[in-house]
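See structure below.
Model, not experiment: these values are computed from the prediction. The analysis underlying the following values was restricted to heavy atoms, covering all of them including side chains, and did not include hydrogens, waters or symmetry mates. Atoms within a ligand are numbered from 1 in the order they appear, just like the ligands themselves.
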Amino acid sequence: MKLLKGDNVVMLSGKDRGKKAKILVVIPETGRVVLEGLNMMKRHTKPRKQGQSGQIINKERAVSSASVAIICKSCGKATRVGYRFDGDKKTRICKKCKSDI
Ligand SMILES: [Zn+2]
């Protein structure tokens with residue numbers, strides 16, 4: 001996975017295409033990420049007790065990491081992630097401006 005929690009990304013597909021968001025959760029097992037406030041899913045809950053009303057809860061749903069692109073902090077563009085190696089240390093870099101991400 002090239003994406004990390006807290007990265008700023010832009011959606012490349014779906015109804016939220018072009019919207020920017022922060023990564024809340026990364027799920028490496030499925031290659032998916034959860035974005036803050038995007039790809040919302042409505043959950044309707046029924047009242048459990050008398051006098052309590054039903055609710056509609058908005059919840060973020062995970063999207064495939066292939067449908068998001070990271071936004072570079074230096075050049076501000078949506079980019080792909082490259083790597084720079086310092087010895088055995090791997091640093092993520094922007095493919096466009098070569099700055100560290
Ligand atoms: Zn850049």
Enter the distance from Lys59:NZ to Arg61:CZ here, rounded to the nearest 0.5 Å.
-> 11.5 Å
Can you measure from NZ (Lys2) to OG (Ser65) and round to the nearest 0.5 angstrom?
-> 10.0 Å
Contact list for residues 19-39, test salt bridge (charged side-chain N to carboxylate O under 4.0 Å, His left out), sequence neighbours left out | Asp16-Lys19
From Lys95 NZ over to Thr79 OG1, what is the distance, rounded to the nearest 0.5 angstrom?
-> 8.5 Å
For the Zn ion (ligand 1), state how many protein N, O or S atoms fall inside a distance shorter than 2.8 Å.
-> 4
Should side-chain heavy atoms under 4.5 Å link Ile, Leu, Val, Met, Phe, Trp and Tyr, which residues sit in the same cluster as Met41?
-> none
Partners of Asp7 by side-chain hydrogen bond (donor to acceptor under 3.5 Å, both in side chains), sequence neighbours excluded?
-> Arg92
